[in-house]
Engineer: 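Before I ask anything, let me first share the structure, which is written out below as structure tokens.
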Amino acid sequence: PPNIYERVHELSLAIVNATDAGDDALADSLCQTLRAYYDEQASLGRSHPFLTEAMADYTNAAAEAARLYELALEQASIFPDEPTHTKMISLAEQLISLGQTERAEAYLRDGRSEAVRRGDTFWIQDADRLLHDLVA
């Protein structure tokens with residue numbers, strides 16, 4: 001929904017800008033604001049895979065980020081146009097850091113296939129990089 005997208009985009013941009021400026025306190029505060037927004041939307045029954053994925057993107061704990069990416073994938077099943085390749089590839093990256101390489105490889109291959117179908121070269125390259133690292 002546009003209001004969720006706009007709010008998440010605004011917070012994400014602010015987090016990136018604070019991080020780039022080296023203002024960790026502001027970045028952390030903005031991440032907490034995103035978490036509060038995520039929790040609020042979930043409590044209102046307005047969960048959306050885009051919001052859940054964004055929450056995962058700004059979660060530092062790999063296990064929690066992986067859980068959120070998995071949830072975003074589940075949520076995406078009821079939104080036919082929702083891209084899942086970004087969620088799968090990001091989930092795979094977290095699974096690699098957790099030592100779950102077999103699961104990670106499966107998500108990477110599926111995510112890469114969807115990225116190819118969608119013509120998303122950035123995510124194809126990211127998947128290729130991660131797959132290469134897994135094999136090496």
Engineer: Provide the full list of ring-ring contact (aromatic ring centres under 6.0 Å, His included) pairs with a residue in residues 41-63, sequence neighbours left out, each pair given once.
Structural biologist: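 Passing the test, one end in residues 41-63: Y5-F50, H48-F79.
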
Engineer: I need the full list of salt bridge (Lys or Arg N to Asp or Glu O under 4.0 Å) pairs touching residues 16-32, with sequence neighbours left out, sorted by first then second residue.
Structural biologist: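 Every pair satisfying salt bridge (Lys or Arg N to Asp or Glu O under 4.0 Å) with a residue in residues 16-32: there are none.
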
Engineer: For the atom pair CD (Q125) and CZ (R112), what is the distance rounded to the nearest 0.5 Å?
Structural biologist: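 The distance works out to 10.0 Å.
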
Engineer: Do any pairs count as a side-chain hydrogen bond (donor to acceptor under 3.5 Å, both in side chains) and have a residue in residues 29-44, sequence neighbours left out, and if so which ones?
Structural biologist: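 Output for this query lists R35-E64, Q41-R46.
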
Engineer: Examine L26 and V16 and state if one hydrophobic cluster contains both, with Ile, Leu, Val, Met, Phe, Trp and Tyr joined whenever side-chain heavy atoms are less than 4.5 Å apart.
Structural biologist: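 Yes: a chain of side-chain contacts under 4.5 Å links L26 to V16.
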
Engineer: For D110, which residues count as a side-chain hydrogen bond (donor to acceptor under 3.5 Å, both in side chains) partner, sequence neighbours excluded?
Structural biologist: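 side-chain hydrogen bond (donor to acceptor under 3.5 Å, both in side chains) list for D110, sorted by chain: empty.
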
Engineer: Looking at CG of L51 and CG of L34, how far apart are the two atoms once the value is rounded to the nearest 0.5 Å?
Structural biologist: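 Between L51 CG and L34 CG, I get 6.5 Å after rounding to 0.5 Å.
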
Engineer: Working to the nearest 0.5 Å, report the span between CH2 of W123 and CG of L108.
Structural biologist: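 Here the interatomic distance stands at 10.5 Å.
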
Engineer: In the hydrophobic cluster built from side-chain contacts under 4.5 Å, what are the other members alongside I124?
Structural biologist: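 Same cluster as I124: V116.
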
Engineer: Are the side chains of H85 and R118 in contact, using a 4.5 Å heavy-atom criterion?
Structural biologist: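 A side-chain contact exists here, since the closest heavy-atom pair is under 4.5 Å.
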
Engineer: With rounding to the nearest 0.5 Å, note down the distance linking CD in E70 to CD in E74.
Structural biologist: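 Spacing of CD (E70) from CD (E74) equals 7.5 Å.
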
Engineer: Extract all donor-acceptor atom pairs below 3.5 Å that involve side chains of residues 129-136 and protein atoms in other chains or at least two apart in sequence.
Structural biologist:
residue: R129; atom: NE; partner: D126; partner atom: OD1; Å: 3.2
residue: R129; atom: NH2; partner: D126; partner atom: OD1; Å: 2.6

Engineer: What residues, two or more places apart in sequence or in another chain, satisfy side-chain contact (heavy atoms from CB on, under 4.5 Å) together with E102?
Structural biologist: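 Not a single residue meets the side-chain contact (heavy atoms from CB on, under 4.5 Å) criterion with E102.
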
Engineer: Taking only residues two or more places apart in sequence, or in another chain, which ones meet Q100 in a side-chain contact (heavy atoms from CB on, under 4.5 Å)?
Structural biologist: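 Once residues adjacent in sequence are excluded, the partners of Q100 under the side-chain contact (heavy atoms from CB on, under 4.5 Å) criterion are L95, L98, R103.
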
Engineer: Once side-chain hydrogen bond (donor to acceptor under 3.5 Å, both in side chains) is applied, do any residues pair with T84, and if so which ones, sequence neighbours excluded?
Structural biologist: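 Listed in chain order: E114.
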
Engineer: Who pairs with T19 by side-chain contact (heavy atoms from CB on, under 4.5 Å), at least two apart in sequence or on another chain?
Structural biologist: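 Result, side-chain contact (heavy atoms from CB on, under 4.5 Å) vs T19: I15, A27.
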
Engineer: For L91 versus A66, what's the shortest heavy-atom pair and its separation?
Structural biologist: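 Closest approach of L91 to A66, heavy atoms only: CD1-O, 3.5 Å.
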
Engineer: How many angstroms lie between CD1 in I89 and CD in Q94, if you round to the nearest 0.5 Å?
Structural biologist: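 Atom-to-atom, I89:CD1 and Q94:CD are 13.5 Å apart.
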
Engineer: So Y69 and T52, side-chain contact (heavy atoms from CB on, under 4.5 Å) or not? Walk me through it.
Structural biologist: CA-CA 7 Å; Y69 286 124; T52 304; over 6 Å; no

Engineer: Please list all pairs meeting salt bridge (Lys or Arg N to Asp or Glu O under 4.0 Å) that have one or both residues in residues 81-91, counting only residues at least two apart or in different chains.
Structural biologist: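 Applying salt bridge (Lys or Arg N to Asp or Glu O under 4.0 Å) to every pair that reaches into residues 81-91, excluding sequence neighbours, yields E53-K87, E82-K87.
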
